[in-house]
Amino acid sequence: MIEFIAINMAPIMFASLVLFLLLGYPVAFSLAANGLVFFAIGVWLAPYSENSITLDWPLLFTMPQRLWGVMSNETLLAIPFFTFMGIVLERSGMAEDLLDTVGQLFGPIRGGLAYAVIIVGALLAATTGVVAASVIAMGLISLPIMLRYGYDRRVATGVIAASGTLAQIIPPSLVLIVLADQLGRSVGDMYKGAMLPGLVLTGFYMIYVFIVSVVRPSWVPALPKEARTLGNGVLSLLVAILVVVALAYGLHPYLTAHFGENADMMGVTAGISAIYLYAIVDKSTGMNLMSRLAQQVIMVLIPPLALIFLVLGTIFLGIATPTEGGAMGAVGSLLLAGLKGRLNLGVIRQALESTTRLSAFVMFILIGARVFSLTFYGVNGHVWVEHLLVGLPGGATGFLIFVSILVFLLAFFLDFFELAFIIVPLLVAPAMALGIDLIWFGVILGVNMQTSFMHPPFGFSLFYLRSVAPKGAYTDKVTGRQIAGVTTGQIYYGAIPFVVIQVVMIGVVIAFPQLVMHYKGPVVDASAVEITVPTLNTLNPGGAPILGAPQLGVPQLGAPQLGAPQLGAPAIPGAPKLGAPQLGAPEVNP
């Protein structure tokens, strides 16, 4: 019996960890406690394990160095930077301005408010990267408006909860930073690979709203005319866009000479800056050559887009690392909040408190994971997992499908941080053995972990929305009508279609890896590569050409030929004089 336990220590240890987590113990302490308890058991059972357990007490002396490696990881510095940036932007009222403006822009069409929530959710994801801030902000601002104008409660709550989870997959996502660290890959490459799937998922959400607007138009009515306070002015906005395109095209020849391949981006930047300054001057001077709607859209959308470019653009162009991009984003968020007049000590204090809390949470989980992994690898747990997963039918595709189902089921009970620190390190070796690109694998996991926020009954997005959605009937401040509240069942029911969409997106990323693999740049066709070896002139022009180094004769390295000294005899005319001096016969004086 003891031999059986010793040989199967790895699965027993993993099952024990799952049991601790299901009992509700904190993740960090469950990881550390399991690691220490099974370390002691492993040392005791090592003689009975047939050399499958390599644990010994001196191995614990390596733990301080392992923990120092966690604390000194510069990549993880991006987490507090992006968290601070997101919370400052959320406190500055940027979400409120975006929802109001984009809602006015799409208001005349059916489902306009739902489209606005999805677009703003994507913009907030690209600027804040924090799910809780996005869901709570949109729940407070847009949900009362959607209920006021007759939106179905299931559609309204589902759109808000799902749009907030876009912060999980659209850079600068915190989960992508953690996944890149656990997979041992560049955060910049992970961001590049995840950008396109994140935009495709946003498009799927909008397609769902469009289908609902066609099948059930009464569920997503258009915004009534009296509610469109900014009036009409789409034509003026289109003219402004054409002006930006014309400026970018006109400046292209000049910019190409100075910026080369970046001329297109610099031209668009110059055009957007010009139209933004013109909108400010037009509104402040009262000329109003542009419509109010165009002015508001330009003045509200361009600052967060500029912040996105400051953070992600510098990372994608290779100008800054993700940590440096996060630092610039934190400074940029302070500037935007200051320009809006909403920056004060209270906002900074709240942002610092939340950032410190989240950073400490991540650090404690990382420390617990290091303790757990030391023991798990000592009992050959990684070998057990690799043999278990590599042998699945279907090869790499079967592995990806099995892992996707496993993570989807575990997401019912575990947070994305817990999945990233516990499950992902165990999957790296099997994925590499099967030849799977780890960036592609990480994006698949990122899309999958996004569902952990939407799973009834434990989805955090659903909890966030439940905390701000009205539970009972209330009187609307604008219309004065009595409006029924939102039930928990309606929130759960509204989340189900979006969970299905996210599962479909996992299949799309698996089926079309080029959605992610474009991060490597253009593929080089090896068959079209021609290698030419230059021909060198030789020292033998009459013979055949010789490739390579010139052929040199072997140097004669010997002792010099010295003649014997001639004593007395005269020197022979014409004979060569080699080496020794000519000495005459000595004269002896009698």
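Below, all heavy atoms of this structure are taken into account, side chains as well, without hydrogens, waters or symmetry copies. Since this is a predicted model, take the numbers as computed values, not measurements.
Ile444 CD1 to Ile506 CD1: the interatomic distance, rounded to the nearest 0.5 Å, is 9.0 Å. The CD1 atom of Ile302 lies 13.5 Å from the CZ atom of Phe309; values are rounded to the nearest 0.5 Å. Here OH of Tyr519 is found 14.5 Å from CG of Leu196. Values are rounded to the nearest 0.5 Å. We find the CG-CG distance between Leu427 and Leu400 to be 10.0 Å, quoted to the nearest 0.5 Å. Here the CD1 atom belonging to Ile491 is positioned 4.5 Å from the CG atom belonging to Leu465, to the nearest 0.5 angstrom. Note: Gln168 CD to Met454 CE = 12.0 Å, rounded to the nearest 0.5 Å.
Phe14 meets the ring pair (Phe, Tyr, Trp, His ring centres under 6.0 Å) test with no other residue; sequence neighbours excluded. Under the rule for a ring pair (Phe, Tyr, Trp, His ring centres under 6.0 Å), Phe512 has no partner lying at least two apart in sequence or in another chain. Partners of Met432 under the side-chain contact (heavy atoms from CB on, under 4.5 Å) rule, at least two apart in sequence or in another chain, are Val428, Leu438. Legend: residues meeting side-chain contact (heavy atoms from CB on, under 4.5 Å) with Pro513, ordered by chain and number and at least two apart, are Trp440, Met517. Under the side-chain contact (heavy atoms from CB on, under 4.5 Å) criterion, Thr355 pairs with Pro80, Thr83, Phe84, Ile87, Ser359, sequence neighbours left out. For Asp437, the salt bridge (Lys or Arg N to Asp or Glu O under 4.0 Å) partners at least two apart in sequence or on another chain are Lys520. Under the side-chain contact (heavy atoms from CB on, under 4.5 Å) criterion, Met328 pairs with Leu310, Thr314, Ala320, sequence neighbours left out.
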Run the side chain to side chain contact (heavy atoms under 4.5 Å, CB included) check on Val424 and Leu419 step by step: do they pass?
-> CA-CA 7 Å; Val424 173; Leu419 290 171; 5.8 Å; no
Please lay out, stage by stage, how Val187 and Asp181 fare under the test side chain to side chain contact (heavy atoms under 4.5 Å, CB included).
-> CA-CA 7 Å; Val187 177; Asp181 178 70; over 6 Å; no
Candidate pair Leu76 and Met363, rule side chain to side chain contact (heavy atoms under 4.5 Å, CB included), full reasoning | CA-CA 9 Å; Leu76 296 179; Met363 284 295 109; 3.9 Å; yes
Leu305 vs Ile308, side chain to side chain contact (heavy atoms under 4.5 Å, CB included): CA-CA, chis, key distance, verdict | CA-CA 5 Å; Leu305 290 175; Ile308 293 172; 4.2 Å; yes
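Two residues are said to be in side-chain contact when any heavy atoms from C-beta on lie closer than 4.5 Å; Ile41 and Ile5 fail this criterion. Taking 4.5 Å as the limit, every side-chain heavy atom of Pro322 sits out of range of all side-chain heavy atoms of Met190. Annotation: side chain of Val407 is not in contact with side chain of Thr451 (no heavy-atom distance under 4.5 Å). You'll find the side chain of Ser163 stays beyond 4.5 Å of the side chain of Val120, heavy atoms only. Residues Met505 and Ile169 have side chains not in contact (no heavy-atom distance under 4.5 Å, counting atoms from C-beta outward). In this structure, the side chains of Phe82 and Val311 come closer than 4.5 Å at one or more pairs of heavy atoms. Between Val403 and Phe441 there is a side-chain heavy-atom pair separated by less than 4.5 Å. When side chains are defined from C-beta on, Leu434 does not count as touching Leu389, because their heavy atoms never get closer than 4.5 Å.
Among all heavy-atom pairs drawn from Ala330 and Ser333, the shortest one is O-OG, 2.6 Å. Nearest heavy atom pair, residue Ala351 against residue Val88, reads CB-CG2, 3.7 Å. In terms of heavy-atom proximity, Leu67 sits nearest to Ile367 at CD2-CG2, 3.7 Å. Between Val447 and Gln502 the shortest heavy-atom distance is CG1-O, 4.0 Å. What you find for Ala420 and Leu179 is that their closest heavy atoms are CB-CD2, 4.4 Å. Counting all heavy atoms, side chain and backbone alike, Leu55 lies closest to Gly378 at CD2-CA, 3.6 Å.
Applying the side chain to side chain donor-acceptor pair (under 3.5 Å) test to residues at least two apart or on different chains, none of the pairs has a partner in residues 191-203. Among pairs with a residue in residues 352-372, those fulfilling salt bridge (Lys or Arg N to Asp or Glu O under 4.0 Å) read Arg349-Glu353, at least two apart in sequence or across chains. Residue pairs meeting the salt bridge (Lys or Arg N to Asp or Glu O under 4.0 Å) criterion with at least one member in residues 323-333: none, sequence neighbours excluded. For residues 383-401, no residue pair satisfies the side chain to side chain donor-acceptor pair (under 3.5 Å) rule, not counting sequence neighbours. Residue pairs meeting the side chain to side chain donor-acceptor pair (under 3.5 Å) criterion with at least one member in residues 8-21, sequence neighbours excluded: Ser16-Asn34.
Enclosure of atom CZ in Phe408 by more than 12 non-hydrogen atoms of other residues, nucleotides or ligands within 6.0 angstrom is indicated.
Aromatic ring orientation, Phe453 versus Tyr464: tilted (interplanar angle from 30° to 60°).
In this structure a side-chain-to-backbone donor-acceptor pair under 3.5 Å is present from Gln450 to Thr165. Thr375 contributes a side-chain N or O that, together with a main-chain N or O of Gly35, makes up a donor-acceptor pair within less than 3.5 Å.
Ring-centre distance between Tyr208 and Phe498: below the 6.0 Å cut-off.
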